[in-house]
2 protein chains.
Amino acid sequence: MAIKEAVRPGGRSARVQEAVHHAVRELQITKSREELSVPQIANKAGVTPSTIYRRWGNLAELLADVSLERLRPDVEPPQTGSLAGDLQAWGEQYLDEMTSPAGQWMLSDIMASAERERRERCCRYSETIMTCLRERAVKRGEATPSVEDLMDGVIAPMTYRLLYDLDTATPARLSRWIAQTLPSTDSPD
Amino acid sequence: MAIKEAVRPGGRSARVQEAVHHAVRELQITKSREELSVPQIANKAGVTPSTIYRRWGNLAELLADVSLERLRPDVEPPQTGSLAGDLQAWGEQYLDEMTSPAGQWMLSDIMASAERERRERCCRYSETIMTCLRERAVKRGEATPSVEDLMDGVIAPMTYRLLYDLDTATPARLSRWIAQTLPSTDSPD
DNA sequence: CACCTAACGCAAAATATTTGCTTTATGAGC
DNA sequence: GCTCATAAAGCAAATATTTTGCGTTAGGTG
């Protein structure tokens, strides 16, 4: 089963997709994860369960789809005047979002997806952000690491701790990751 | 539902646990992920499905349990005479294992678990390895980064790419992560 | 405007999951 | 060793979910 972003966009499929996504988001507010079921979502969305099964395969993939949608970067990250500042500002709000119960469920849902493509898209989102912040810095004439180094130095440890070791996903550590990744301008090490 | 490592160890519970784990491992050889089912596993293990449901809750948690078991470090990592060498040697075999289809399923199964405790245990395994390699280096009198720095500098990027961006989980990149994490002895940067 | 077809609805069939109750086997206390 | 209390397993009925075949609907194309 391939991931379908927008099948027959604008038509009935799109309406069904939106209705189902909306139903999931609504239900997630009141129901706990284990209380969610495909028939329940289908009912709320006004579609038949078989529609959901045929389109998403199972509950896990549907939830992953919804979570990925929510994770998609929508607004331009705030500008602070320096790359370190931009990284810290964006990272702090990201940490804040992802350490919350809702955020943890989102991450968990995405990771539970069997679709490699879906997880990779998640990675692309982060790269997009890093590319954006880096280009700003380049325009200002700052010395900047490559996007790859930003991924390894900042995104990777942050994500690792969000997934595996939640208590250590903190703004203080974020500062450290940023400091160690950016070319040092004042201190020798 | 809490994770139960060994309930009434040595008794019937232990036998059932082993029988079920064994059944899963056997079935995983021939069957694809989607073909696995609780009733099927129960049948192969010679227990009733309700036993599995009551003990593990659902298929996802059972698979995560089995995968975590397989991931547990059993043998001492090979010695090479230097921390960089030890990290590279261990890391390469780990990458090799985890980039394989079987390894990817293991990671995926673990991540799909709703149990935070399970994912954290995974993290502790890596810390155990890092602590081990580091202590060897300390004994040899090498200058070594902290375990936390090893986690951020080596484990995190490696894991991140194994999970999100498989094609970039390579031995060559591993060398880079190691080089950037260890205190540089010859080159200034 | 008519046709083609992807996607949906419906309902029956097949599976999987939950649950109440009974039985078994282990570990503790004597 | 024996007995008791109880955690865990078995069994089977009751539910719930998932799959499937087939008829219907509604976008898109020529």
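All heavy atoms count here, side chains included; hydrogens, waters and symmetry mates do not. In what follows, chains are A, B, ... by sequence order, proteins preceding strands, each numbered from 1.
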Of all residues at least two apart in sequence or in a different chain, which pass the side chain to side chain donor-acceptor pair (under 3.5 Å) check with [X]?
X: B/Thr181; result: none
X: A/Gln104; result: none
X: A/Thr170; result: none
X: B/Gln79; result: none

Worksheet entry | Over all atoms of both residues, closest heavy-atom pair of A/Tyr164 and B/Arg119 | CD2-O, 3.2 Å
Worksheet item: Any donor-acceptor pair under 3.5 Å joining the side chain of A/Ser50 to the base of C/dC10?
Response: yes
Item to complete: Using only side-chain N and O atoms of A/Arg55, determine if any of them is under 4.0 Å from OP1 or OP2 of C/dC8.
Response: yes
Worksheet item: Does a side-chain N or O from B/Thr48 land closer than 4.0 Å to OP1 or OP2 of D/dC11, or not?
Response: no
Under 3.5 Å, which protein N or O atoms sit close to an N or O of nucleotides 21-24 of chain C? Give each pair with its distance.
unit_1	atom_1	unit_2	atom_2	d
C/dT24	O2	B/Arg12	NH2	3.0

Worksheet item: Can you tell me how far the OG1 atom of B/Thr168 sits from the CE atom of A/Met151, to the nearest 0.5 Å?
Response: 8.5 Å
Response to the item:
Separation of D/dA26 atom P from A/Arg15 atom CZ, nearest Å, is 9 Å
Discussion item. Distance check needed: D/dG10 C1' versus B/Ile52 CD1, whole Å only.
Written reply: 13 Å
Worksheet entry | Salt bridge B/Arg176-A/Asp149, side-chain N to carboxylate O under 4.0 Å | yes
Worksheet item: Between B/Glu120 and B/Arg116, does at least one N-O distance fall below 4.0 Å, as a salt bridge requires?
Response: yes
Item to complete: Return the residues of residues 28-44 of chain B meeting this criterion: a heavy atom under 4.0 Å from some atom of DNA chain C. Order them by number, or give none.
Response: B/Ser37, B/Val38, B/Pro39
